[in-house]
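For ligands, and for the atoms within them, numbers begin at 1 and follow the listed sequence. For clarity, every value in this text was computed on a predicted model and none was experimentally measured.
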Amino acid sequence: MKTQVLVVGAGPVGLTTALLLATAGVDVEVVDAGAGPVTQSRATDLHAATLEALRPSGLTDMLLPLGRPTHRIVVHSPDGPLGGYGTDLVRSAYPYILTVPQCATEGALDDRLAAVGRRARRSTRIDRLSWGPDGATAVTAGGETIRARWVVGCDGIGSRVRTDAGIAYRGTTYRHPYQLADLRAGCPLDADAVHMVLDPAGLVAVLPMHLEGWRRVLVQLPAGQRPADTEPLPDLLHHAERRGVPLQVTDVRWHSTFRIHRRLAATFRRGPVLLAGDAAHACSPIGGQGLNLGLRDAVTLAGTLAGVVHGRVPERHLDSWATARRARARQVLGWTDLATRTTTVRSSPGRWLRDAAVAATLRSTAGRRLLAGTVAGR
Ligand SMILES: Cc1cc2nc3c(=O)[nH]c(=O)nc-3n(C[C@H](O)[C@H](O)[C@H](O)COP(=O)(O)OP(=O)(O)OC[C@H]3O[C@@H](n4cnc5c(N)ncnc54)[C@H](O)[C@@H]3O)c2cc1C
């Protein structure tokens with residue numbers, strides 16, 4: 001098979017890239033190793049800058065009815081609230097966090113792709129990729145050869161495309177694993193805000209979900225604990241209660257124990273190979289930035305690549321895209337890393353200083369505006 005653009009990976013970033021390229025009249029194929037879109041809620045938070053980036057393609061209007069807006073973030077210490085901010089401090093047509101489960105986002109993107117006459121080819125794993133100045137050749141696990149002028153690696157954190165392009169993915173894995181659960185639960189914290197509880201034993205975050213009465217709860221586990229040695233739900237409830245967040249659970253949809261990473265690809269372009277989404281960068285979930293960064297990679301890449309394919313802009317614009325998006329990802333990795341590390345301060349003086357700094361920032365209008373703008377992707 002031959003195509004102008006091969007997108008490897010039909011997660012949210014690959015589907016968005018393929019959809020926008022197809023809409024721009026580019027001959028594009030998208031393949032995925034999995035049998036179908038994800039069935040879990042995974043990344044749920046879409047921020048103002050992402051909704052603005054998706055608006056011209058109509059994708060924001062598609063996503064809005066699937067989600068629920070959240071307007072307030074509150075930070076707590078064990079002694080009570082340190083302060084909070086409203087997302088309306090961000091000047092945007094979308095001054096909120098839209099909570100949409102990733103399975104709904106992927107399902108809607110999949111349907112939209114079908115509506116423009118393309119389908120992701122599922123159960124099609126790329127096992128090998130070779131490339132030269134004029135294009136790339138991918139070989140599937142089934143032995144099929146796909147030749148493409150351009151290959152976009154949207155194949156996630158363990159990207160085969162990135163590995164076979166010889167692009168390093170440097171960074172670290174954090175020492176603290178996390179547990180996450182989507183629960184219908186009674187909880188003393190109000191249901192309309194995102195709550196971050198900075199307990200000496202570790203962070204607890206409680207977030208509204210798109211369904212009435214449901215919450216997402218995220219708990220930081222002790223450093224060095226192996227995910228395999230945990231009992232996901234009982235451990236999460238135990239840690240949350242010990243840190244001042246008792247939960248009266250009546251239903252559970254999904255839970256997961258995982259490690260988190262801070263990693264950045266050495267370049268987002270090598271010859272005909274381009275990287276976007278988790279294949280290019282991985283960041284801590286604190287701040288809910290991973291998917292947002294990836295979706296904005298997709299929008300900007302599709303626009304530039306369509307221009308190159310149609311001969312409207314020179315190829316070097318792809319280098320500018322790669323440099324700009326890598327710089328943006330580096331910035332986000334920097335502040336999410338800082339935010340993650342501040343949740344793990346253990347010494348009493350260190351915690352006192354952190355809490356005083358957080359409270360002072362949240363007391364000043366400039367501080368609240370800065371936080372709101374940073375999280376919104378500005
Ligand atoms: C438990 C969990 C919770 C998360 N919570 C959040 C959150 O709250 N906020 C947030 O912003 N982010 C969160 N994330 C991260 C978020 O899910 C990712 O940032 C997002 O999915 C990245 O999208 P992507 O399309 O780049 O990659 P992925 O969603 O990982 O998609 C990659 C796709 O590539 C396919 N693939 C892989 N290798 C190959 C191959 N060789 N050939 C063909 N196909 C291949 C895979 O099957 C997959 O469908 C979470 C992730 C997990 C796992």
Side-chain angles (χ1 to χ4, degrees), residues 6-19 29-47 50 70 97-103 105-106 109-110 120-129 138-142 144 146 151-165 177-182 194 205-209 216-218 227 232 253-261 263 265 268 274-298 301 325 329 332-333 336 375 377:
L6 171 65
V7 176
V8 181
V13 176
L15 286 171
T16 304
T17 307
L19 174 60
E29 285 290 324
V30 53
V31 297
D32 196 284
V38 296
T39 52
Q40 305 123 347
S41 56
R42 290 199 190 180
T44 53
D45 294 349
L46 298 177
H47 298 293
T50 308
T70 298
I97 300 168
L98 186 73
T99 301
V100 191
Q102 190 170 324
C103 47
T105 303
E106 287 193 25
L109 287 167
D110 216 37
R121 283 177 59 195
R122 306 280 176 182
S123 306
T124 306
R125 174 180 297 281
I126 298 300
D127 261 0
R128 227 169 338 118
L129 183 84
V139 181
T140 70
E144 185 190 353
I146 306 174
V151 172
V152 187
C154 301
D155 47 346
I157 199 160
S159 173
R160 163 60 51 194
V161 171
R162 186 187 63 232
T163 306
D164 285 2
Y178 285 76
Q179 264 170 353
L180 175 155
D182 295 346
V194 172
V206 183
L207 301 93
M209 292 202 72
R216 165 165 286 190
V217 180
L218 180 78
R253 281 214 155 176
W254 179 58
H255 57 74
S256 171
T257 307
F258 53 93
R259 291 204 165 277
I260 63 169
H261 315 272
R263 291 185 191 281
F268 287 13
L274 299 138
L275 299 177
D278 281 13
H281 42 70
C283 63
S284 154
I286 312 269
Q289 298 294 310
L291 175 58
N292 286 270
L293 258 183
L295 290 175
R296 299 201 298 269
D297 290 345
L301 174 58
R325 287 312 296 168
V332 172
L333 262 62
T336 53
V375 172

Do you know which two heavy atoms are closest between Gln289 and Val375, and how far apart they sit?
NE2-O, 3.0 Å

For Arg216, salt bridge (charged side-chain N to carboxylate O under 4.0 Å, His left out) partners two or more places apart:
Asp182

Surrounding CZ of Arg259 (heavy atoms of other residues, nucleotides or ligands, distance under 6.0 Å), is the total greater than 12?
yes

Which residues pass the salt bridge (charged side-chain N to carboxylate O under 4.0 Å, His left out) test with Asp164, sequence neighbours left out?
Arg160

Taking side-chain contact (heavy atoms from CB on, under 4.5 Å) as the definition, give me every residue that meets it alongside Ala10, ordered by chain and number, with sequence neighbours left out.
Leu15, Val30, Asp32, Ala120, Arg122

How are the rings of Phe268 and His281 set to each other: parallel, tilted or perpendicular (split at 30° and 60°)?
tilted

Check: every ligand 1 N/O to protein N/O pair under 3.5 Å:
{"residue": "ligand 1", "atom": "11 (O)", "partner": "Gly290", "partner atom": "N", "Å": "3.1"}
{"residue": "ligand 1", "atom": "11 (O)", "partner": "Leu291", "partner atom": "N", "Å": "3.0"}
{"residue": "ligand 1", "atom": "17 (O)", "partner": "Gln102", "partner atom": "OE1", "Å": "2.9"}
{"residue": "ligand 1", "atom": "19 (O)", "partner": "Asp278", "partner atom": "OD1", "Å": "2.8"}
{"residue": "ligand 1", "atom": "19 (O)", "partner": "Asp278", "partner atom": "OD2", "Å": "3.2"}
{"residue": "ligand 1", "atom": "21 (O)", "partner": "Gln102", "partner atom": "NE2", "Å": "3.0"}
{"residue": "ligand 1", "atom": "25 (O)", "partner": "Pro12", "partner atom": "N", "Å": "3.4"}
{"residue": "ligand 1", "atom": "25 (O)", "partner": "Val13", "partner atom": "N", "Å": "3.1"}
{"residue": "ligand 1", "atom": "26 (O)", "partner": "Asp278", "partner atom": "N", "Å": "3.0"}
{"residue": "ligand 1", "atom": "41 (N)", "partner": "Ile126", "partner atom": "O", "Å": "3.0"}
{"residue": "ligand 1", "atom": "42 (N)", "partner": "Ile126", "partner atom": "N", "Å": "2.9"}
{"residue": "ligand 1", "atom": "44 (N)", "partner": "Ala33", "partner atom": "N", "Å": "3.0"}
{"residue": "ligand 1", "atom": "47 (O)", "partner": "Asp32", "partner atom": "OD1", "Å": "2.8"}
{"residue": "ligand 1", "atom": "49 (O)", "partner": "Asp32", "partner atom": "OD1", "Å": "3.3"}
{"residue": "ligand 1", "atom": "49 (O)", "partner": "Asp32", "partner atom": "OD2", "Å": "2.6"}

